[in-house]
J.: 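Have a look at the structure that comes next, please.
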There are 2 protein chains.
Amino acid sequence: MLDFDTFFMREALKLANIAFDEDEVPVGAVVVCGDKIIGKGYNQVEKLNDPTAHAELLAITAACNFLGSKYLDKCTLYVTLEPCMMCTGALRESQIKKVVFAAADTSNRSAAPNLFEVKNGILANEAAALLTSFFKKKRKKI
Amino acid sequence: MLDFDTFFMREALKLANIAFDEDEVPVGAVVVCGDKIIGKGYNQVEKLNDPTAHAELLAITAACNFLGSKYLDKCTLYVTLEPCMMCTGALRESQIKKVVFAAADTSNRSAAPNLFEVKNGILANEAAALLTSFFKKKRKKI
């Protein structure tokens, strides 16, 4: 049986796979409130030509829209890659309670500890493998 | 005659005034490419119930939409308040060339130097006065 965190990270990973299929850097995110997903997002930077269209931002916007609130202080965000500075800032603005991420991103550390509770490493290998596979595919194309 | 920076900051300040009139924290932003405004935004967090709807993010999205590009590497963003961490991250993602802001925000330092060229203090007093006036109005309502 899947534990709670693995179950929701699996959902985020499904979204990352959609991004992969659409030739986007494969990152997916879900916002969970209680035991329900109330917002989803996957990276759409290329499709929308919008550098702000990261999985986390889209999931935050969707969740706030669902709740009719600008705060997510009772929610957890699951994301397949460690959030960048923009997304970390957005999570802070949303007053999110907790962030769970899979793969670490040592190249893009947001350096923002203590803004919210953080847990990492859930399905990290699968999320990282998807990213590696994406960039391998990209390099082949060039 | 207005200099270039003051002219565009005045445009950003007009947008901040619209935010003020709509009972939003009064911040406005424009993205300038060459001598043209190609994206505008003002804070709409309350109206949209969306913590990501800061002036800068909306202006970046609008400018990228106009250019059909995810990068703003030939553009300058004018904003009436020093960008927060989210917006600084978004500006980095957009590869913006230069950022000009009016009022400083010592409470919300993004601590992200050297990501792009930065100039500050243009119309700082007017932008700060608008913010002060907004929060004074808010406190009276409570």
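All figures in this text were calculated on a predicted structure; none of them were measured in a lab. By convention in this document, chain letters (A, B, ...) are assigned in the order of the sequence lines, proteins followed by strands, and residues within each chain are numbered from 1.
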J.: Measuring heavy-atom distances to chain A, does Q95(B) have an atom under 4.5 Å in its side chain, in its backbone, in both, or in neither?
T.: neither

J.: Using 4.0 Å as the upper bound for N to carboxylate O, is an ion pair formed by K47(A) and D23(A)?
T.: no

J.: I need the residue from L91(A), L57(A), L72(A) with the largest number of non-hydrogen atom pairs under 4.5 Å to chain B.
T.: L57(A)

J.: Got D73(B) and I96(B) here, is their nearest side-chain heavy-atom distance under 4.5 Å?
T.: no

J.: Could you report the tightest heavy-atom contact between L15(A) and A29(A), atom names first, then the distance?
T.: CD1-O, 3.4 Å

J.: Using non-hydrogen atoms only, which part of S69(B) is less than 4.5 Å away from chain A: side chain, backbone, both, or neither?
T.: backbone

J.: Let me know which of K14(A), E22(A), E24(A) forms a side-chain hydrogen bond (donor to acceptor under 3.5 Å, both in side chains) with Y42(A).
T.: E22(A)

